[in-house]
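Working notes, structure below.
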Amino acid sequence: MSADDSVDDFARVGAARDATAGDRALAVLLLVGGLLGLTAAFVLVLEKIALLGDASYTPSCSLNPVLDCGSVMTTAQAEVLGFPNPLLGVAAFPVLVATGAALLAGARLVPWYWAGLQVGVTLGLGFVCWLIFQSLYRIGALCPYCMVVWAVVLPVFWYVTLRNARAGLFGARVAGARVTRTLRAWHLFALTVVVLVVLGLITEQFWYYWRTLL
């Protein structure tokens, strides 16, 4: 065996070890994130039921003029498909929980499953982006439980996409592309930038209220 072969074997072993560690971290993210999202969606369903039974009911997440679930839940955007949006979360987040638990148990999921999960988290991200826009620029209020869902969907989409890109789900060219390697190396920085942008938009849009608290 030549020295080059030894170097290649060492690199392959290192890459395999990194991939295994990444899959385990993703499994924990899916499990914990799925549980958080499911809890937030379930509580929102209970609050919606209470509001339907008593129009004067004040939801537990109506804290002030900005953080106000009540004003959000009574809008058309809160039932975009004709039923309360949180029911989508109650149906979808258990998939993340089950996937995370299966990965932690050692399951090896087939490519079509990862492709389906990619479609799901991409649709989820699109829906969350739309809800963020509606909350900030159309409704003018924030739902704290909805924000928990935002905080779950953003990293779940990001890390599922990075995993699938690395695994070649989008093709060998994408898997080996420099931009993919760069995004994987700077994954936390990129996610932090996105989160800071969302927080900046929230701060700017509701600054008229935040400044009264200073």
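In what follows, every heavy atom counts, from backbone to side chain, and hydrogens, waters and symmetry copies are set aside.
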Test item: Thr122 side-chain N/O and Gln118 main-chain N/O as donor-acceptor pair under 3.5 Å: yes
**Report entry** Residue pair Val153 / Phe127, side-chain heavy-atom distance below 4.5 Å
**Finding:** no
Review point. Leu30 versus Val156: any side-chain heavy-atom pair under 4.5 Å?
Key: yes
Report yes or no: do Leu36 and Val95 belong to one cluster of Ile/Leu/Val/Met/Phe/Trp/Tyr joined by side chain heavy-atom distances under 4.5 Å? yes
> Checking disulfide bond (SG atoms under 2.5 Å apart) for the pair Cys69/Cys146: CA distance, chi angles, key distance, verdict?
Replying inline: CA-CA 8 Å; Cys69 288; Cys146 302; 5.9 Å; no
When every non-hydrogen atom of Leu38 is compared with those of Gly89, the smallest separation belongs to CD1-O, 4.4 Å
| Side chain Thr180, main chain Ala175, donor-acceptor under 3.5 Å | no
Of all heavy-atom pairs linking Met73 and Glu47, the shortest is CE-CB, 3.9 Å
Report task. Tell me, yes or no, whether the heavy-atom count around Trp186 atom CH2, taken from other residues, nucleotides or ligands under 6.0 Å, exceeds 12. Result -> no
Within one Ile-Leu-Val-Met-Phe-Trp-Tyr cluster: Leu88 and Phe42, side-chain cutoff 4.5 Å
no
Residues Thr39, Tyr145; criterion side-chain hydrogen bond (donor to acceptor under 3.5 Å, both in side chains); working and verdict:
CA-CA 9 Å; Thr39 301; Tyr145 292 127; over 6 Å; no
Less than 4.5 Å apart, side chain to side chain, heavy atoms only: is that true for Phe93 and Leu35? no
When rounded to the nearest 0.5 Å, the distance separating CG of Leu31 from CG of Leu96 is 10.0 Å
**Shared hydrophobic cluster, Leu123 / Phe83 (ILVMFWY, side-chain heavy atoms < 4.5 Å)** = no
Is the shortest heavy-atom distance from the side chain of Glu204 to the side chain of Trp207 under 4.5 Å?
no
Check: Do Asn164 and Thr161 get their side chains close enough for a donor-acceptor pair, meaning under 3.5 Å?
Finding: no
Output for pair (Glu79 CD, Thr74 OG1), nearest 0.5 Å, gives 9.5 Å
The reported gap from CG in Asn85 to CD in Gln77 (rounded to nearest 0.5 angstrom) is 9.5 Å
Checklist entry - Do the non-hydrogen side-chain atoms of Pro59 and Tyr57 ever get within less than 4.5 Å of each other? => result yes
Next on the checklist: Quick check: is Leu169 connected to Val119 through a chain of hydrophobic side chains (ILVMFWY, heavy atoms under 4.5 Å apart)?
Outcome noted: no
### Message
Hydrophobic clustering (ILVMFWY, side-chain heavy atoms < 4.5 Å, transitive) - are Trp130 and Phe157 grouped together?
### Response
yes
Next item on the list: I would like to know whether Val197 and Leu201 meet side chain to side chain contact (heavy atoms under 4.5 Å, CB included); could you show each step before the answer?
Entry: CA-CA 6 Å; Val197 168; Leu201 292 174; 4.3 Å; yes
Task: Validation row: Tyr208, Val66 side chains within 4.5 angstrom (heavy atoms) - done: yes
Val149 and Gly37 have their tightest heavy-atom pair at CG2-O, 4.4 Å
Between Val90 and Ala41 the two heavy atoms that sit nearest each other are N-CB, 3.8 Å
Between Cys143 and Leu44, is there a side-chain heavy-atom distance shorter than 4.5 Å? yes
CG of Leu142 to OH of Tyr209, rounded to nearest 0.5 Å, is 11.5 Å
Separation between CZ (Phe189) and OG1 (Thr182), nearest 0.5 Å, reads 12.5 Å
dist Trp158:CH2 -> His187:NE2 (nearest 0.5 Å) comes out at 9.5 Å
task: State, yes or no, whether a side-chain contact exists between Gln134 and Thr75 at a heavy-atom distance under 4.5 Å.
output: no
With a 4.0 Å cut-off on N to O distance, would you call Arg108 and Asp23 a salt bridge?
no
On a heavy-atom basis, the closest approach of Ser62 and Asp68 is OG-OD1, 2.7 Å
Practice problem: Using the side chain to side chain contact (heavy atoms under 4.5 Å, CB included) rule, take Cys129 and Trp150 through it: C-alpha gap first, then chi angles, then the decisive distance, then the call. | Solution: CA-CA 8 Å; Cys129 289; Trp150 303 354; over 6 Å; no
